[in-house]
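See structure below.
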Amino acid sequence: MSRTIWLDAPNVGALEKDYLCQAIDSGFVSTIGPFVPKFEQTVAAWLGAPGASATQSGTAALHVALMELGVGEGDEVIVPTLTFVATANPVMYLRATPVFVDADPDTWNLDVAAVERAITAKTKAIVPVHLLGNPADMSALMAVARKHGVPVIEDATESLGATVEGVSTAAIGDLGCLSFNGNKTITTGGGGMVVGRDIDRLTHIRFVVNQARDESRGYYHPEVGMNYRMTNLEAALGLAQMERLDTFLEQKRAFRAVYEEALGSVPGLRLQREAPGARSAWWLNAVVFERDGVDIPALQKRLLEQGIQTRRMFVPITDFPPYAPYVTAEHPVARRLYERGLCLPSSTLNTIDDVHLVCLSLRALL
């Protein structure tokens, strides 16, 4: 078998090892230590945001962000049908109602016109996802949200490095959520972060994720909190990764350019497109087969035999049993993207030559 061409494997090495050793040598390996606040400050500064609060995961970030905006039982939260299930799960944690909206056929993100039609008096938040690192049409979405007085929580868990009109995703809405899972552009092994402009909100989130402990009074907890803290070891890894982020983004955009050149004009293939004013981080590149008769599982098997990793697009959340009671409409675009979409190797462990080989192999098999 040829060498592996990775889908989304993490890129860690000597620098990360050095930072982790520093954290271990300091004795701060759990949720107390200097690297956590430094990581928060570093990420916020890179995004151009006033502040950030680290969390245990991207899902935890979404959960506490919804809590901070007061989402609770009986409220409605608008979410995409086509996304990882973690976008919708925190809505259920709070006993709120997820309202699913179909995808835009070009960006594959929330259809803004459908979002406006879905807003009711019960709508407490809109959660756009920047799918595969590609920003939603935030200019149009924010205009709709402001018109109706509904806050926006960006699910930017896949889009670190993406921008809209020069503003970083996660720093556009009322709150933004990041993920540093092992398959993301940068990783802390796990971990996430809430970003925002309102320092009071972020301070309160930092309090809640630490079991809502009032440290000035010892082990005193005036609110119900969660153990959603990031560890010092995770933050150390994240700081090392932040030093390499610009390089990672350059690589991912170079990969996209190859995919665009090699596959963009192939009849029956379609790539994801950027919204006006958006610049994608291209966390994952994907292709949609518009012609009938493509056996995607068989195609994946043949590619894997050549060492080329791929994965299917997300299954629409409305297909899952816990969400069946909330299905109120068909979502044909999300359905088609799932049934005909395939994510292609985008890890920064790959080389440009690797990506060229993926394109040659895919075209040959088709």
Side-chain angles (χ1 to χ4, degrees), residues 7-10 55-66 77-94 96 98-104 107-111 115 125-136 152-162 169-170 173 175-194 228 252 272 280-286 288 296 309-324 326-327 331 333-347:
L7 175 71
D8 55 4
T55 61
Q56 180 262 332
S57 66
T59 308
L62 288 163
H63 187 192
V64 294
L66 289 163
V77 178
I78 295 174
V79 297
T81 306
L82 187 69
T83 180
F84 184 48
V85 72
T87 304
N89 282 345
V91 178
M92 300 285 273
Y93 300 163
L94 297 168
V99 177
F100 294 103
V101 168
D102 203 2
D104 176 88
T107 68
W108 308 352
N109 291 306
L110 276 177
D111 180 327
V115 169
I126 302 168
V127 184
V129 176
H130 307 305
L131 192 72
L132 308 185
N134 188 38
V152 172
I153 299 173
E154 293 177 81
D155 182 338
T157 53
E158 300 171 2
S159 67
L160 181 61
T169 56
L175 291 170
C177 299
L178 300 172
S179 169
F180 306 114
N181 192 33
N183 64 348
K184 296 304 192 296
T185 301
I186 70 165
T187 184
T188 60
M193 194 169 287
V194 183
Y228 276 177
K252 285 185 176 287
Q272 190 180 26
S280 178
W282 303 122
W283 168 59
L284 285 182
N285 287 277
V288 170
I296 294 179
Q309 293 185 341
T310 60
R311 83 172 198 200
R312 300 293 298 273
M313 292 284 281
F314 294 119
V315 177
I317 297 179
T318 47
D319 281 8
F320 304 143
Y323 292 96
Y326 305 99
V327 179
H331 298 135
V333 177
R335 171 72 47 204
R336 188 175 182 83
L337 290 170
Y338 160 63
E339 291 178 347
R340 295 175 177 251
L342 185 66
C343 296
L344 303 175
S346 302
S347 168

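Small disclaimer: the values here were computed from a predicted structure and weren't measured. Just so you know, these numbers use all the heavy atoms, side chains as well, and skip hydrogens, waters and symmetry mates.
- In this structure, the side chain to side chain donor-acceptor pair (under 3.5 Å) partners of D155, at least two apart in sequence or on a different chain, are T87, T157.
- Side-chain N or O atoms of N109 include one that pairs as donor or acceptor with a backbone N or O of L131 at under 3.5 Å.
- Contacts classified as side chain to side chain donor-acceptor pair (under 3.5 Å) and involving residues 185-194 (residues at least two apart or in different chains) are not found.
- A 4.5 Å side-chain heavy-atom check between I126 and V101 finds every atom pair outside the cut-off.
- Considering only heavy atoms from C-beta on, Q272 comes within 4.5 Å of L132 through its side chain.
- Annotation: side chain to side chain contact (heavy atoms under 4.5 Å, CB included) contacts of R335 (sequence neighbours excluded): P316, D319, Y338, E339.
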Less than 3.5 Å apart, which donor and acceptor atoms pair up between the side chains of residues 57-64 and the rest of the protein, not counting sequence neighbours?
{"from": "S57", "atom 1": "OG", "to": "T59", "atom 2": "N", "distance (Å)": "3.4"}
{"from": "S57", "atom 1": "OG", "to": "A60", "atom 2": "N", "distance (Å)": "2.9"}
{"from": "H63", "atom 1": "ND1", "to": "Y228", "atom 2": "OH", "distance (Å)": "2.9"}

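- Proximity of a side-chain donor or acceptor of W283 to a complementary backbone N or O of S346 within less than 3.5 Å is not detected.
- Contact annotation: the side chain of I78 never approaches that of V127 to less than 4.5 Å [non-hydrogen atoms, C-beta and beyond].
- Residues P345 and T310 share a closest heavy-atom pair of CD-CG2, 4.5 Å.
- In this structure, CG in L344 is found 11.5 Å from CZ in R311, a value given to the nearest 0.5 Å.
- Interatomic distance, CG of L284 versus CG of L7, reported as 5.5 Å (0.5 Å rounding).
- Using modelled atom types, one finds a donor on one side chain and an acceptor on the other under 3.5 Å when comparing H331 with T81.
- When all heavy atoms of G133 and A162 are compared, the closest pair comes out as O-CB, 3.5 Å.
- When all heavy atoms of I153 and P128 are compared, the pair lying nearest together is O-CD, 3.3 Å.
- Using a 4.5 Å heavy-atom threshold, the side chains of I186 and F180 count as touching.
- Shown here are the ring-ring contact (aromatic ring centres under 6.0 Å, His included) partners of F320, two or more places apart in sequence or in another chain: there are none.
- The closest side-chain heavy-atom distance from M313 to I296 is not below 4.5 Å.
- Checked options T318, I317, L337; the residue passing with L82 is L337 (criterion: side chain to side chain contact (heavy atoms under 4.5 Å, CB included)).
- Here the closest heavy-atom approach between residue G189 and residue N181 is recorded as O-OD1, 3.9 Å.
- Residues satisfying the ring-ring contact (aromatic ring centres under 6.0 Å, His included) criterion with Y323, sequence neighbours excluded, are F100.
- Within the 3.5 Å criterion, the main-chain N or O of T169 finds no donor-acceptor partner in the side chain of E154.
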